[in-house]
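These notes concern the structure reproduced below.
FYI, the numbering just counts along the sequence from 1.
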Amino acid sequence: MGTIYAIANQKGGVGKTTTAVNVAACIAEAGYETLLVDVDPQANATVGIGLPKDGEPSIYDVLMGDATVEEALRETPIGRLSLLPSHPDLAGASVELPRIPGSENRLRDALAGVRDRFAFTLLDCPPSLGPLTVNALVAADRVIVPVQTEYFALEGLAGLLDTLALVQRELNPRLTVAGMLLTMHDARTNLARDVEREVREHFPALVFDTVIPRNVRISEAPSFGVPVIHHDPHSSGADAYFELAKEVAARG
């Protein structure tokens with residue numbers, strides 16, 4: 001049985017998509033069948049892996065019951081990495097899903113038929129705690145929370161953890177936090193070091209050892225439609241994501 005990870009934080013710009021794309025690519029490179037699911041209407045993970053964001057069928061059709069996951073799955077340029085792509089129409093799902101009884105289970109039920117095929121499934125969530133993120137949290141076994149090392153890093157984490165606890169209690173008792181991931185870290189600044197210390201003190205058992213640095217190669221890679229491990233495999237960003245993938249696999 002494969003493990004499903006949601007990459008979630010309601011704050012935007014903290015590195016969710018970058019983490020989802022690069023961890024998925026690293027795990028696939030290590031020889032595991034991997035599925036990346038783009039649950040964000042912006043479709044950045046879809047584009048970041050080199051596929052168009054207007055392909056059909058997409059995850060929108062799957063959630064609306066108009067297509068199966070098998071019909072929507074796409075091969076990617078990376079061996080052993082499959083994609084369930086997003087589409088701009090997915091923005092409408094936030095309005096449509098709450099009208100459907102039991103809609104929070106839609107993604108979990110859709111993935112049930114394919115999860116055995118993939119050792120790891122990564123769900124890239126939108127920057128909100130709306131119906132799409134709740135669907136991802138209900139479908140997931142574990143959550144990775146990217147946290148940018150900046151002044152407002154801890155603000156919002158309490159709200160996210162409350163939502164995780166609510167989903168765990170009401171909808172998905174097996175959900176656990178795999179870890180918090182410090183991203184866009186500039187070790188030269190006192191602020192970044194202070195935030196890292198504060199997050200590690202608040203959540204001593206939950207923070208990944210690996211820290212993702214602020215690295216221009218990570219920022220450039222999506223414009224080429226490739227993960228940073230292919231854009232510049234010897235960069236500090238690529239090294240960090242390889243280390244993170246090992247840590248995620250080790251934590252099970």
Do side-chain atoms of [X] reach the backbone of [Y] as a donor and acceptor pair under 3.5 angstrom?
X	Y	answer
Asp66	Asp61	no
Ser94	Pro131	no
Arg80	Ile27	no
Ser103	Leu97	yes
Glu71	Thr68	yes
Thr17	Ala45	no
Thr189	Asp186	yes
Arg74	Ser82	no
His230	Val226	no
Thr46	Ser86	yes

Determine whether [X] and [Y] make a side-chain contact, defined as any pair of heavy atoms from C-beta on separated by less than 4.5 Å.
X	Y	result
Lys16	Pro126	no
Cys125	Asp40	no
Leu137	Leu164	yes
Leu107	Ile59	yes
Phe203	Leu161	yes
Ile7	Pro146	yes
Leu84	Asp38	no
Val21	Val228	no

Write down the atom of [X], the atom of [Y], and the distance for their closest heavy-atom approach.
X	Y	result
Asn215	Ser236	ND2-OG, 3.2 Å
Ser58	Gly55	CB-O, 3.9 Å
Arg106	Met64	NH1-C, 3.6 Å
Ile49	Pro227	CD1-CG, 4.3 Å
Thr34	Ala24	CG2-O, 3.8 Å
Lys53	Pro88	O-CD, 3.1 Å

Side chain to side chain contact (heavy atoms under 4.5 Å, CB included), that's the test. Do Leu132 and Val39 meet it? Break it down for me.
CA-CA 7 Å; Leu132 291 171; Val39 194; 4.0 Å; yes

What I want to find out is whether Arg115 reaches Asp141 closely enough, with some N-O distance under 4.0 Å, to be called a salt bridge.
yes

Under 4.0 Å between a Lys/Arg side-chain N and an Asp/Glu carboxylate O for Glu243 and Lys246?
yes

In Å and rounded to the nearest 0.5 Å, what is the [atom1] to [atom2] distance from [X] to [Y]?
X	Y	atom1	atom2	result
Leu191	His185	CG	NE2	10.0 Å
Leu181	Gln148	CG	CD	11.5 Å
Gln168	Thr163	CD	OG1	12.0 Å
Ile144	Asp124	CD1	CG	11.0 Å
Arg214	Glu150	CZ	CD	8.5 Å
Glu247	Asp209	CD	CG	4.5 Å

Assigning hydrophobic clusters by single linkage (Ile, Leu, Val, Met, Phe, Trp, Tyr; side-chain heavy-atom cutoff under 4.5 Å), is [X] placed with [Y]?
X	Y	answer
Leu36	Tyr60	no
Val143	Val199	yes
Leu171	Leu175	yes
Leu35	Leu83	no
Met184	Leu160	no

Worked check of side chain to side chain contact (heavy atoms under 4.5 Å, CB included) between Glu29 and Ile229
CA-CA 10 Å; Glu29 292 276 347; Ile229 64 162; 3.8 Å; yes

Go through the steps to decide whether Arg217 and Glu220 satisfy the test salt bridge (Lys or Arg N to Asp or Glu O under 4.0 Å), and finish with yes or no.
CA-CA 5 Å; Arg217 295 296 188 232; Glu220 288 172 353; 3.0 Å; yes

Evaluate the criterion side chain to side chain donor-acceptor pair (under 3.5 Å) for residue pair Thr210 and Tyr241; output intermediate values, then yes/no.
CA-CA 8 Å; Thr210 305; Tyr241 274 113; over 6 Å; no

Report the C-alpha separation of Val37 and Leu122 in whole Å, then their side-chain angles, then the decisive distance to 0.1 Å, and conclude whether the side chain to side chain contact (heavy atoms under 4.5 Å, CB included) test is met.
CA-CA 6 Å; Val37 182; Leu122 289 98; over 6 Å; no

Phe120 vs Tyr32 aromatic rings, parallel, tilted or perpendicular, using cut-offs 30° and 60°?
perpendicular

For a side chain to side chain contact (heavy atoms under 4.5 Å, CB included) check, start with the C-alpha distance between Ile218 and Ile212, then their side-chain angles and the critical distance, and finish with the verdict.
CA-CA 10 Å; Ile218 294 176; Ile212 307 301; 3.8 Å; yes

For Glu56, is the CD atom crowded, meaning more than 12 foreign heavy atoms sit under 6.0 Å from it?
yes

Arg174 CZ: over 12 foreign heavy atoms closer than 6.0 Å
yes

Quick check, are the ring centers of Phe224 and His231 under 6.0 angstrom apart?
yes

